[in-house]
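The structure appears below as structure tokens.
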Number of protein chains: 4
Amino acid sequence: MSGINKVILVGHLGKDPEVRYLEGGVSVASFPLATSESFNKDGRKIEQTEWHNIVMWRGLADVAAKYLQKGKLVYIEGKLRTRSFEDKAGVKKYTTEVIAENFTILGRKSDFENETRHSLKSEDADSDYDSRTDADDLPF
Amino acid sequence: MSGINKVILVGHLGKDPEVRYLEGGVSVASFPLATSESFNKDGRKIEQTEWHNIVMWRGLADVAAKYLQKGKLVYIEGKLRTRSFEDKAGVKKYTTEVIAENFTILGRKSDFENETRHSLKSEDADSDYDSRTDADDLPF
Amino acid sequence: MSGINKVILVGHLGKDPEVRYLEGGVSVASFPLATSESFNKDGRKIEQTEWHNIVMWRGLADVAAKYLQKGKLVYIEGKLRTRSFEDKAGVKKYTTEVIAENFTILGRKSDFENETRHSLKSEDADSDYDSRTDADDLPF
Amino acid sequence: MSGINKVILVGHLGKDPEVRYLEGGVSVASFPLATSESFNKDGRKIEQTEWHNIVMWRGLADVAAKYLQKGKLVYIEGKLRTRSFEDKAGVKKYTTEVIAENFTILGRKSDFENETRHSLKSEDADSDYDSRTDADDLPF
DNA sequence: TTTT
DNA sequence: TTTT
């Protein structure tokens with residue numbers, strides 16, 4: 001018990017969010033996010049990009065679908081979750097995702113028709129212990 | 001460019017750190033860390049544990065080897081890195097690890113013969129752009 | 001717009017939380033929190049303690065009043081807020097506080113009769129845009 | 001001991017950094033940073049801005065002086081420090097500052113002639129236990 | 001004013 | 001595989 005599992009990312013979306021709808025109408029958005037880091041090595045500037053699998057649930061997924069697009073710069077706060085799945089060949093594999101808990105769009109003024117911070121408590125779609133939306137945080 | 005990739009964890013070590021030495025004498029420590037979370041579902045308390053693969057390089061690995069043991073509660077700050085590798089059967093797989101940048105032991109008094117915060121800039125063993133140790137942060 | 005204002009602290013309470021009740025029955029808890037840092041200077045170990053003014057609103061204040069006491073080790077997440085006030089002599093002064101958004105008790109087993117993470121959206125008592133409680137996070 | 005004191009901010013500089021030089025040639029940069037937050041209250045969008053006093057020491061101050069200007073959007077990581085001072089009238093006052101440990105410029109492409117993350121261990125100017133610069137992180 |  |  002008593003753990004903290006927190007991820008803070010600032011990066012650009014590699015693709016538009018992809019939204020799926022589960023039984024019960026629960027929405028799930030996912031997209032890749034790139035965080036790049038520069039450093040000097042032997043006098044040359046090296047840029048290293050790390051890709052993260054971002055997952056958003058329910059109301060946060062809906063907001064993401066509406067306001068996030070490929071290329072946008074966002075601040076994302078969330079937690080790590082590793083889950084297993086079977087690939088097409090039936091081989092068990094693992095993937096680590098960042099389950100987003102809130103996000104803020106950063107960047108150009110033109111990106112800010114909407115400037116509210118988006119926040120949503122979200123969890124696995126098959127649990128309903130926290131399915132409400134932090135409506136006050138939504139921009140409409 | 002311009003990215004932030006930060007992980008903050010507080011959890012317990014699932015095992016003692018395992019230390020390996022690469023060519024050049026570079027040390028790498030790794031261990032699993034559990035972060036647990038409790039919540040109420042339908043009136044029952046559910047505990048959910050997430051396991052993280054922690055990796056520490058060089059001086060930080062040495063400090064970890066000396067001061068961290070299975071069961072200890074630690075605060076860890078680091079970044080996410082996903083890398084691919086081939087399993088024994090030659091199948092390409094991916095794993096996501098937390099490359100620790102510093103840690104602080106939390107918890108019981110008996111855990112605190114040493115109480116300095118440990119911090120070390122570290123990177124891939126095959127790169128040497130940042131191989132020094134933040135010696136002032138080391139407890140000896 | 002588009003800002004992030006986040007504070008992450010792990011430290012010990014210097015006093016029991018002090019709870020006040022505003023008009024409307026809104027509860028506000030506050031207490032000092034010590035975060036200490038050790039480092040070596042000229043071969044001697046120096047310990048430096050920083051004191052933070054923690055403020056919790058509404059449901060989070062109620063949970064704090066019940067579960068936090070002087071000496072306990074807690075993880076606190078919140079945001080900075082600087083406000084002005086007049087001292088007894090009528091002189092305008094400023095104070096910077098950490099408005100907590102959630103906390104987790106860390107530390108000894110004896111501290112863990114209750115082990116849920118406490119979280120509450122909270123704001124100034126004179127605003128009511130976010131006055132609900134994240135009830136699912138509360139331990140009762 | 002065993003504390004964590006961490007601040008994460010994303011905001012705009014309210015002024016150009018002001019650089020002072022202490023005895024020994026130690027440089028100190030300081031500037032105000034605004035973090036704004038939007039929320040809906042009674043259907044109206046409210047924007048609330050918080051101002052932070054940012055302080056940078058030594059090499060980090062030098063990088064700030066070179067690359068940060070009024071209006072720029074930056075990610076700043078640091079720690080809180082409250083110190084007392086006497087105002088012109090000899091009255092003792094307190095101020096809380098964010099001692100930056102690293103920063104990253106965010107925002108428009110045009111802001112990124114230089115895109116390295118800046119990082120520097122820094123402390124009070126009158127202590128020399130950590131006076132070196134994380135040179136590898138510097139952009140020259 | 002905490003803790004080790 | 002941790003911890004409470």
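Labels below follow one simple rule: chain letters A, B, ... track the order of the sequence lines, proteins then strands, and each chain is numbered from 1.
Relative to the side chain of C/H12, the nucleotides F/dT4, F/dT1, E/dT2 differ in distance, and E/dT2 lies closest. Distance from the side chain of C/S36 is smallest to E/dT2 among E/dT2, E/dT4, E/dT1. For C/K15, taking side-chain heavy atoms from C-beta onward, the closest of the listed nucleotides E/dT4, F/dT1, E/dT1 is E/dT1.
A salt bridge between A/E50 and B/R81 is absent, with no side-chain N of the basic residue lying under 4.0 Å from a carboxylate O of the acidic one. The pair B/E86-B/K92 does not count as a salt bridge, with every side-chain nitrogen at least 4.0 angstrom from each carboxylate oxygen.
Whole-Å rounding puts the C/Y75 OH to F/dT4 P distance at 20 Å. Whole-Å rounding puts the A/I4 CD1 to F/dT2 P distance at 21 Å. Atom CG of B/D16 is separated from atom P of F/dT1 by 14 Å (rounded to the nearest Å). For the pair C/F103 CZ and E/dT2 P, the interatomic distance rounds to 20 Å; values are reported in whole Å. Rounded to whole Å, atom C1' of F/dT4 lies 15 Å from atom CD of B/E37. The distance between atom CG of C/L9 and atom C1' of E/dT1, rounded to the nearest whole Å, is 16 Å. Atom CG in B/N40 sits about 15 Å away from atom C1' in F/dT4, given to the nearest Å. To the nearest angstrom, P of E/dT4 lies 14 Å from NZ of C/K72.
Under the rule for a side-chain contact (heavy atoms from CB on, under 4.5 Å), the partners of C/E18 that lie at least two apart in sequence or sit in another chain are C/S30. With sequence neighbours excluded, no residue forms a side chain to side chain donor-acceptor pair (under 3.5 Å) with B/K70.
When heavy atoms are screened at a 4.0 angstrom cut-off, C/K70 is found touching the sugar-phosphate backbone but no base atom.
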